[in-house]
Amino acid sequence: MNIILLGPPGAGKGTQARILEESFSMKQLSTGDMLRASKKSGTELGKKVAQVMEKGDLVTDDIVIGLIAEELELRTKIKGFIFDGFPRTLAQADALSDLLVQKGKTLSVVIEMKVDDEALIRRVVGRFNCKECGEVYHKDNNPPKQSNICDNCNSENSFFHRADDNEESFKNRLMAYYRDTSPLIGYYHAKGTLVSTDGLMDIETTHGNICQILGV
């Protein structure tokens, strides 16, 4: 079972991907995580990634597809892959489709996490992370059990707000999503693989809805 979680920044794709990964022995493929890991790997592709990132250039689609291809080849015992943050454009969607065909794999479903923009802005502005493990919290609806201590890794005083988690920056990111990524909704609808769910429900409810979609 291979799935794509599709939705704007802040919709909860990363959180739901991690829960699915833990629950069903799937592997979350996050573009950012793959790039950081590849940069440290010392492989030929990793060296190429490091050079591009050190120059501050954008990583090309070919490099990202190469990283995904490596993961598909290495993770032979995984029950499925969760694509989180990729594809972002129609060109990337075509490239991913071609890669899956080459590897003898299929895309099971694309889950669109629908959100209300204003509610999403409120969610993102109140969000903060643990810098040690990446766990995501919210000051109103998902605070840590103990102030300044991460529930996941027990790190103290490790919380931080992303620099772009402010209203003005987030609106710019949201606009970029609607410009570049929202065409994928029509793309996957036409392929018959798109299913939508409410991305602004609480974490457990959203997970339950996704499990219903997946039939697990």
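Positions are given from 1 along the sequence.
At most 12 heavy atoms of other shown residues, nucleotides or ligands fall within 6.0 angstrom of atom NZ in Lys131. The environment of Lys39 atom NZ is dense: over 12 non-hydrogen atoms of other residues, nucleotides or ligands sit within 6.0 angstrom. Surrounding NZ of Lys114 are at most 12 heavy atoms belonging to other residues, nucleotides or ligands under 6.0 Å away. Residue Lys105 qualifies as enclosed at atom NZ: its count of foreign heavy atoms under 6.0 Å is above 12. No more than 12 heavy atoms of other residues, nucleotides or ligands lie within 6.0 Å of NE2 in His189, so this atom counts as exposed by the packing criterion.
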Checking side chain to side chain contact (heavy atoms under 4.5 Å, CB included) for the pair Glu135/Asn129: CA distance, chi angles, key distance, verdict? CA-CA 6 Å; Glu135 190 73 9; Asn129 299 70; over 6 Å; no
Side chain to side chain contact (heavy atoms under 4.5 Å, CB included) between Arg127 and Lys139, worked out: CA-CA 7 Å; Arg127 185 172 62 179; Lys139 65 179 183 179; over 6 Å; no
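Counting only distance, with no hydrogens or angles, the side chain of Gln16 and the backbone of Gly12 share no donor-acceptor pair below 3.5 Å. Judged by distance alone, with hydrogens and angles left aside, the side-chain atoms of His138 form no donor-acceptor pair with the main-chain N or O of Pro143 at under 3.5 Å. Remark: side-chain polar atoms of Arg123 are paired, donor with acceptor, to backbone N or O of Ala11 under 3.5 angstrom. In this structure, the side chain of Ser25 does not engage the main chain of Ile78 through any donor-acceptor pair within 3.5 Å. Of the possible donor and acceptor atoms, one in the side chain of Ser108 sits under 3.5 Å from a partner among the backbone N and O of Asn2. At distances below 3.5 Å, at least one donor-acceptor pair connects side-chain atoms of Ser23 with backbone N or O atoms of Ile19. Counting only distance, with no hydrogens or angles, the side chain of Asp84 and the backbone of Leu29 share no donor-acceptor pair below 3.5 Å.
We find the CZ-NZ distance between Arg173 and Lys171 to be 14.0 Å, quoted to the nearest 0.5 Å. Atom NZ of Lys191 sits about 11.0 Å away from atom CG of Leu184, to the nearest 0.5 Å. Within the model, atoms NZ of Lys103 and CG of Leu72 stand 7.0 Å from one another, a figure rounded to the nearest 0.5 Å. For the atom pair Leu67 CG and Ser41 OG, the distance stands at 8.5 Å (nearest 0.5 Å). A distance of 13.5 Å separates CE in Met26 from CZ in Arg75, rounded to the nearest 0.5 Å. One distance of note links NZ of Lys79 with CD of Glu21; it measures 13.5 Å at 0.5 Å rounding.
Transitive grouping of hydrophobic side chains (ILVMFWY, heavy atoms separated by less than 4.5 Å) keeps Tyr188 and Val195 in distinct clusters. Connection of Leu100 to Val64 is established within a shared hydrophobic cluster, with ILVMFWY side chains joined at heavy-atom distances below 4.5 Å, either directly or through further cluster members. A single hydrophobic cluster is not seen to contain both Leu200 and Leu5; linkage of ILVMFWY side chains at heavy-atom distances under 4.5 Å, directly or through other members, places them apart. Following chains of ILVMFWY side-chain contacts shorter than 4.5 Å, one can reach Leu45 starting from Leu99, so the two form part of one hydrophobic cluster. A continuous path of Ile, Leu, Val, Met, Phe, Trp and Tyr side chains, each step under 4.5 Å between heavy atoms, connects Phe170 with Tyr178, placing both in one hydrophobic cluster.
The side-chain heavy atoms of His207 and Leu20, taken from C-beta on, include a pair separated by under 4.5 Å. Proximity of Thr206 to Met113: side-chain heavy atoms (C-beta onward) are separated by under 4.5 Å at one or more points. Side-chain contact check for Leu6 versus Ile111: every heavy-atom pair is 4.5 Å or farther apart. Side-chain contact check for Cys133 versus Ser155: every heavy-atom pair is 4.5 Å or farther apart. Between Ile3 and Met1 there is a side-chain heavy-atom pair separated by less than 4.5 Å. Proximity of Ile203 to Asn142: side-chain heavy atoms (C-beta onward) are separated by under 4.5 Å at one or more points. Side-chain contact check for Ile65 versus Phe86: some heavy-atom pair is nearer than 4.5 Å. Contact annotation: the side chain of Lys27 never approaches that of Ile82 to less than 4.5 Å [non-hydrogen atoms, C-beta and beyond].
In plain terms, the two heavy atoms of Pro9 and Leu120 that are nearest each other are O-CD2, 3.5 Å. Pro87 and Ile4 get closest at one heavy-atom pair: CD-CD1, 3.6 Å. Closest heavy-atom contact between Ser196 and Glu112: OG-OE1, 2.5 Å. Residues Thr181 and Arg88 come closest through the heavy atom pair OG1-O, 2.8 Å.
Ion pairing of Arg18 with Glu22 is absent here, as no side-chain N (NZ or NE/NH1/NH2) approaches a carboxylate O to less than 4.0 Å.
Between the side chains of Thr205 and Asp202, at least one donor N or O sits under 3.5 Å from an acceptor N or O.
Residues forming a ring pair (Phe, Tyr, Trp, His ring centres under 6.0 Å) with Tyr137 (at least two apart in sequence, or on another chain): Phe128, Phe159. For Tyr187, there are no ring pair (Phe, Tyr, Trp, His ring centres under 6.0 Å) partners, not counting sequence neighbours.
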Would you be so kind as to tabulate the donor-acceptor pairs closer than 3.5 Å made by side chains of residues 30-38, with sequence neighbours excluded?
{"residue": "Asp33", "atom": "OD1", "partner": "Arg36", "partner atom": "NH2", "Å": "2.7"}

